[in-house]
Each structure stands twice: as C-alpha cells, then as structure tokens.
Amino acid sequence: GDPHFTTFDGEFHHFQGSCEYTMAEANNLQYPNVPWFKIVADLDYNHHGSPYTFIRDVTFEFLGREQSEGEVPRYVMFLDAWRQVFRTGYVEDRHLGVTYTSDFFGNEDFAFEVKPGKISINTWFDVTVRYELSGAKMWITVPDCYANSVDGLCGNYDGVKYDQFGTGGANLHDQMSNWRRTQESLTEWAAQFETPSDRCRQIHDLECSIHGVSGVSHAIDQCLPLDPNNAETIFETCNIDRDPYNLACVIDLCEGEDRC
C-alpha cells in the first residue's frame, strides 16, 4: 500500500510510480507442470494534491488445471478500487464466457471471495492474491516451486535480499527517510516492468507549473472525465480512443491554466 513494496526476498522499497506495472510474472520455469501466471497493477495518485500513489486496479491472468504452456490463459481476475472504493471485482472464464463474482457454486481451479473491503483469490497451483481496501494493501504469495522463476516489482525470488534495487546496507528506516531521493533511480529500475504507454510515460515525466509539486496530480484530477480508465464518465459510451484527449488536457493545464 501507499505503495510500499516488500519483495518475495524481503527487499523493501517505496516507489511512487503512476503507470501500469507487472507485479509478478512467471518466466523461465524450472519444473514441469508449474503453470504460467501474470499479475499487473495500475498505480495512480492517491488524491488531489498528493505526491503518493496507490493501487488503482489489479489484473491476474492464470491457466486452468487442464491447460498447457503457451495457451491463452483461461481465467482473468480483475479488481477495480479506484479512489480506494471497490468498483468491481470478478473472475472471467474465457472458455465458458461467464463471469464469477464469487465461487458460490464451486470451481476446482480457484477459490474466490469478495467481502466488504477485502477480496482474495487462491488458485489451484497455490498462487494467491489478497487485496484490502484499507490502506490499498495487496499481498501476493507464491509457492517455492517459483523460486528463480518470477520477475516484476515483487522481485525475482532468488533468495538474495538486495540484488535488484537497493544495497545490502539498506534498511526500512533508510528507505523511508530517503524515499524522495530514490524515486528517479527507482523509476528507471521499474521501467522494465512497465506496460508500454506513451500517455502514461508522458504524464509521468511531465513538469507541471501549477500548484507546486502537486501539479500533475491536480491536472490528472481535473481531466478525469477524459481518463481512458474511468468507467464513470459521460464519455464512456463514445467509441473513441480517449488517450490523446486526456493527455492533451493534462499538458494544457500544466503549461498554463489560461489555455483551458
């Protein structure tokens, strides 16, 4: 949450990214019958005027028990917690074309539970995702068979604590007290896990002249109706790509409020 990250190996970092990132993805699998999966999270500013970001939504793709490596994942879990309010949470079965909002009728491939303020899924291969609205906290757990076979902001699970971002002498106090000074290098490190998006990158790197350090978050807030991820807007039914309009709106605000 906030977001503070603790990797599978116990490395701690405090990263205020505002794009979509891979949290954990299976790769270079070392054991037969260990399935692929991928967990992606979209990070966004917490609220107007805040330099902090939070987990806005989560997508978790995974294979069914009867699937083989390389097949399109049968299941995708999606959670929308924009502005730290549960908007929706479900699991889509791409094979049957149905959507689960719980596993009330039972499913041998996953257990899915939605409660007020909490959502969790446990897969047949023991990868679990749990999200709590309070603090926008997410926990991802993977079994030991994925050691050295995952990558993402949650780490590579190779048993070495500070071999990705940070140093062997780093500790929680240092990371917390110096987090602002590490953002540039953290952003460079995290870029390898970022979902390619010209709009996201341009907004992330934008120098905003209004409202001091909170300028970008203010502009994003003002341009929210044009945000392509906002499902509660009058433009939702328009069959257009909102990305360029949203980006133009943010740039116009940042380069001078008079332009709008």
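Every value quoted in this text rests on a predicted model; they were computed, and no experiment measured them.
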Worksheet item: When you look at Ile140 and Ile39, which way does the side chain to side chain contact (heavy atoms under 4.5 Å, CB included) test go after all the steps?
Response: CA-CA 9 Å; Ile140 299 172; Ile39 301 168; 3.7 Å; yes

Worksheet item: Where do Leu43 and Tyr21 land on the side chain to side chain contact (heavy atoms under 4.5 Å, CB included) test, with the steps shown first?
Response: CA-CA 8 Å; Leu43 308 185; Tyr21 300 90; 4.0 Å; yes

Item to complete: Walk me through it: do Lys118 and Glu113 pass the test side chain to side chain contact (heavy atoms under 4.5 Å, CB included)?
Response: CA-CA 8 Å; Lys118 183 185 298 184; Glu113 185 175 39; over 6 Å; no

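Tyr100 is linked by a ring pair (Phe, Tyr, Trp, His ring centres under 6.0 Å) to Phe110, counting only residues two or more places apart in sequence or in another chain. Applying the side chain to side chain donor-acceptor pair (under 3.5 Å) rule to Tyr146 yields no partners; only residues at least two apart in sequence or on another chain are considered. When the side chain to side chain contact (heavy atoms under 4.5 Å, CB included) test is applied to Gln192, the partners found at least two apart in sequence or on another chain are Trp189. Legend: residues meeting salt bridge (Lys or Arg N to Asp or Glu O under 4.0 Å) with Glu69, ordered by chain and number and at least two apart, are absent. Residues satisfying the side chain to side chain donor-acceptor pair (under 3.5 Å) criterion with Thr141, sequence neighbours excluded, are Thr128. With sequence neighbours excluded, the residues satisfying side chain to side chain contact (heavy atoms under 4.5 Å, CB included) with Val114 are Phe112, Ile119. Every side chain to side chain contact (heavy atoms under 4.5 Å, CB included) that Asn27 has, sequence neighbours left out, goes to Asp151. Residues that satisfy the ring pair (Phe, Tyr, Trp, His ring centres under 6.0 Å) test with Phe8, not counting sequence neighbours, are Tyr157. Listed by chain and residue number, Asp243, Pro244 satisfy the side chain to side chain contact (heavy atoms under 4.5 Å, CB included) test with Asp241 (two or more places apart in sequence, or in another chain).
In this structure, Asp80 and Asp57 approach most closely via the heavy-atom pair CA-CB, 4.0 Å. Contact between Ala81 and Phe54 at its shortest, heavy atoms only, is O-CE1, 3.5 Å. Shown here for Ala136 and Ile55, the closest heavy-atom pair between the two residues is O-CD1, 4.1 Å. Between Tyr31 and Cys145, the closest heavy-atom pair is CD1-O, 3.5 Å. Of all heavy-atom pairs spanning Lys161 and Gly10, the tightest one is CE-O, 3.1 Å. The nearest pair of heavy atoms linking Ala26 to Pro35 is CB-O, 4.3 Å.
Note: the hydrophobic cluster containing Ile234 also contains Ile240 (ILVMFWY, side chain heavy atoms under 4.5 Å, direct or indirect links). Linking ILVMFWY residues whenever their side-chain heavy atoms come closer than 4.5 Å, directly or via other members, places Leu29 and Trp124 in the same cluster.
Between Phe60 and Phe37 there is a side-chain heavy-atom pair separated by less than 4.5 Å. In this structure the side chain of Met23 reaches within 4.5 angstrom of the side chain of Phe5, judged on heavy atoms. In this structure, Met77 and Val58 have side chains that are in contact, with non-hydrogen atoms separated by less than 4.5 Å. For the pair Asn148/Gln30, a side-chain contact is recorded, criterion being any heavy-atom separation below 4.5 Å from C-beta on. Side-chain atoms of Phe12 and Thr7, non-hydrogen and from C-beta on, never get closer than 4.5 Å to each other. The shortest side-chain heavy-atom distance between Asp93 and Tyr75 falls under the 4.5 Å cut-off. In this structure, the side chains of Pro143 and Val127 come closer than 4.5 Å at one or more pairs of heavy atoms. Looking at Pro225 and Phe235, their side chains come closer than 4.5 Å, going by heavy atoms from C-beta outward.
Checking Asn107, Ile121, Thr99, Thr101 one by one against Val91, the side chain to side chain contact (heavy atoms under 4.5 Å, CB included) holds for a single residue, Ile121.
Remark: the backbone N or O of Asp158 is paired with a side-chain donor or acceptor of Asp9 at under 3.5 angstrom.
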For residues 61-68, please give each side-chain donor-acceptor pair under 3.5 Å, one per line with the distance, not counting sequence neighbours.
from, atom 1, to, atom 2, distance (Å)
Glu61, OE2, Arg94, NH1, 3.0
Glu61, OE2, Arg94, NH2, 2.9
Arg65, NH2, Glu108, O, 2.5
Gln67, OE1, Gly64, N, 2.8
Gln67, OE1, Arg74, N, 2.8
Gln67, NE2, Val72, O, 2.7

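Remark: Thr6 OG1 to Leu153 CG distance equals 12.5 Å, nearest 0.5 Å. Here CE of Met138 is found 12.5 Å from CD of Glu132. Values are rounded to the nearest 0.5 Å.
Applying the 4.5 Å side-chain rule to ILVMFWY residues, one finds Tyr90 in the same cluster as Phe78.
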